[in-house]
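Presented below is the structure to which this report refers.
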Amino acid sequence: MNLSHLHMMITVARLGSLQKTAEQLGRTQSAVSMALKKLEENAGFALFNRDSYRLELTEQGRHFLRQAEEVVRQQQRLQSLANQLKHGAEPLLTLCYDHTCDSKLWMPSIQHIQQQYPATELHVDGESQMRALKRIDNGTADLALCPWLPLFRQYGDFETLPVAPFELTVVMSAALMKEFGRMPQSRQDLLELPMLVPQNLEIGINLDSVLRLPSQQRIRVNEVNTQFELLMAGFGWGIIPKHIASNALKEGKLVEVSIPGFVQQVRLEIHLVRSANRTLGPAANAIWQRFA
């Protein structure tokens, strides 16, 4: 069976459309259709039910898909390994982190790479809205640090290691609280104040459906440091990583808002993330092992 045909089948299963698959892979719709036909001829059964508008896998097709994904994944790993064996230590290593994370978490790893792999050029990129995770998925970054939720696995084939605790807290400025006249005690109180909320994440998650927090007026920002400055200026209340707000909280410039059973602190973890479909080079693997 042709690996490119398997790749097309996997993409069709994900998108449910020959046209969208052709557009994404840069192929013609007839080429995609022919690839599926060849696969079905070789397999001896239908992979997709074509009765509805969206192509849906048959029961046999679902079993076939799981094995096809593993075959393609192994081929990608083998190609990645071949490249590493051919070239040795990678000439370029790209590390990403979400701006909500503390970039200092990378410092020991950067020092190690400078000492052990001096020929490897390091790029350290900060990203917003979970673009770091998207870059791992599309292969433009080798390793990333980002807050982690299990549901992120549906957006890529990731392997992760827990690195550090990550705490979100609900805050507003002391000046805004004074202007409001009291600490918000209820959902209705929050409805009367603007909410500073991140824009929807690059990996396709609608934050409104996740957060389910009230506000009649919203100010959307695409970067956590901008959100912090707007919170400090008293433009509204919002959820922010506690390590970013810690000094302002200690100084009394920001205050934490806690409404039991409704809004309060959220405790997550920062994870180190890599693609399960690519083999890490020596330098990237050294960083992975240090965190492990």
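Side-chain atoms are counted along with the backbone in the values below, which use heavy atoms only and exclude waters and symmetry mates. All values reported here derive from a predicted model rather than from experimental measurement. Just so you know, residue 1 is the first one in the sequence shown, and it goes up from there.
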Within a 6.0 Å radius of atom [atom1] on [X], are there more than 12 heavy atoms belonging to other residues, nucleotides or ligands?
X: Glu179; atom1: CD; value: no
X: Phe235; atom1: CZ; value: no
X: His5; atom1: NE2; value: yes
X: Arg27; atom1: CZ; value: no
X: Gln67; atom1: CD; value: no
X: Met34; atom1: CE; value: no

Checking Val171 against Trp237 for the side-chain contact (heavy atoms from CB on, under 4.5 Å) test, could you report, in this order, the C-alpha distance in whole Å, the side-chain angles of both residues, the deciding distance, and whether it holds? CA-CA 6 Å; Val171 300; Trp237 65 276; over 6 Å; no

Mind checking whether [X] and [Y] sit in one hydrophobic cluster, side chains of I, L, V, M, F, W, Y counted as touching below 4.5 Å?
X: Met195; Y: Ile259; answer: yes
X: Ile110; Y: Leu161; answer: yes
X: Val12; Y: Leu15; answer: no
X: Leu36; Y: Phe45; answer: yes

Applying the side-chain hydrogen bond (donor to acceptor under 3.5 Å, both in side chains) test to Arg135, which of Asp142, Asp125, Thr94 qualifies?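 So the option named by the test is Asp125.
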
Grab the two heavy atoms, one from [X] and one from [Y], that are nearest each other, plus how far apart they are.
X: Leu3; Y: Gln75; answer: CD1-CG, 3.3 Å
X: Ala141; Y: Cys96; answer: CB-SG, 3.9 Å
X: Met232; Y: Ala248; answer: SD-CB, 3.6 Å
X: Ala284; Y: Leu143; answer: O-CD1, 3.7 Å
X: Phe291; Y: Ser109; answer: CE1-OG, 3.4 Å
X: Leu193; Y: Pro184; answer: CD1-CG, 4.1 Å

Under the criterion side-chain contact (heavy atoms from CB on, under 4.5 Å), I'd like the reasoning laid out for Thr160 against Phe152: C-alpha separation, chi angles, the key distance, then a yes or no. CA-CA 11 Å; Thr160 77; Phe152 291 165; over 6 Å; no

[X] side-chain N/O to [Y] backbone N/O, donor-acceptor pair under 3.5 Å:
X: Arg278; Y: Ile136; result: yes
X: Asn49; Y: Thr58; result: no
X: Asp189; Y: Gln185; result: yes
X: Ser33; Y: Gln29; result: no
X: Glu90; Y: Leu93; result: no
X: Ser246; Y: His243; result: yes
X: Arg153; Y: Phe158; result: yes
X: Glu167; Y: Leu268; result: no

Using a strict cut-off of less than 4.0 Å between a Lys/Arg side-chain nitrogen and an Asp/Glu carboxylate oxygen, indicate whether Lys20 and Glu23 qualify as a salt bridge.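 Salt bridge between Lys20 and Glu23, a charged N being under 4.0 Å from a carboxylate O: no.
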
Flag the pair Lys242 and Glu256 as a salt bridge only when some basic side-chain nitrogen lies within less than 4.0 angstrom of an acidic carboxylate oxygen.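 The answer is yes: the pair qualifies as a salt bridge.
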
Measure the spacing between [atom1] of [X] and [atom2] of [Y] and express it to the nearest 0.5 Å.
X: Asn225; Y: Thr100; atom1: CG; atom2: OG1; answer: 10.0 Å
X: Ile287; Y: Leu122; atom1: CD1; atom2: CG; answer: 6.5 Å
X: Leu145; Y: Glu127; atom1: CG; atom2: CD; answer: 13.0 Å
X: Cys146; Y: Arg131; atom1: SG; atom2: CZ; answer: 14.0 Å

Verdict with supporting geometry, Met9 and Leu47, side-chain contact (heavy atoms from CB on, under 4.5 Å): CA-CA 9 Å; Met9 182 244 178; Leu47 296 170; 4.2 Å; yes

Kindly write out the residues that satisfy salt bridge (charged side-chain N to carboxylate O under 4.0 Å, His left out) with Glu40, not counting sequence neighbours, or none if the list is empty.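 Counting only residues at least two positions away or on another chain, Glu40 forms a salt bridge (charged side-chain N to carboxylate O under 4.0 Å, His left out) with Arg50.
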
Would you check, one step at a time, whether the test side-chain contact (heavy atoms from CB on, under 4.5 Å) holds for Leu254 with Phe228? CA-CA 10 Å; Leu254 290 178; Phe228 173 73; 3.8 Å; yes

Using side-chain hydrogen bond (donor to acceptor under 3.5 Å, both in side chains), reason through Glu121 and His123 one step at a time and then give a plain yes or no. CA-CA 7 Å; Glu121 180 178 331; His123 286 188; 2.8 Å; yes

Any side-chain heavy-atom pair from Pro282 and Tyr117 closer than 4.5 angstrom?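 They are in contact (side-chain heavy atoms under 4.5 Å apart), so the answer is yes.
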
Testing the 3.5 Å rule here: is there a donor-acceptor pair between the side chains of Glu223 and Gln227?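 No - no donor-acceptor pair under 3.5 Å links their side chains.
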
Summary of ring pair (Phe, Tyr, Trp, His ring centres under 6.0 Å) pairs that have at least one residue in residues 265-290, sequence neighbours excluded: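 Passing the test, one end in residues 265-290: Trp148-His271.
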
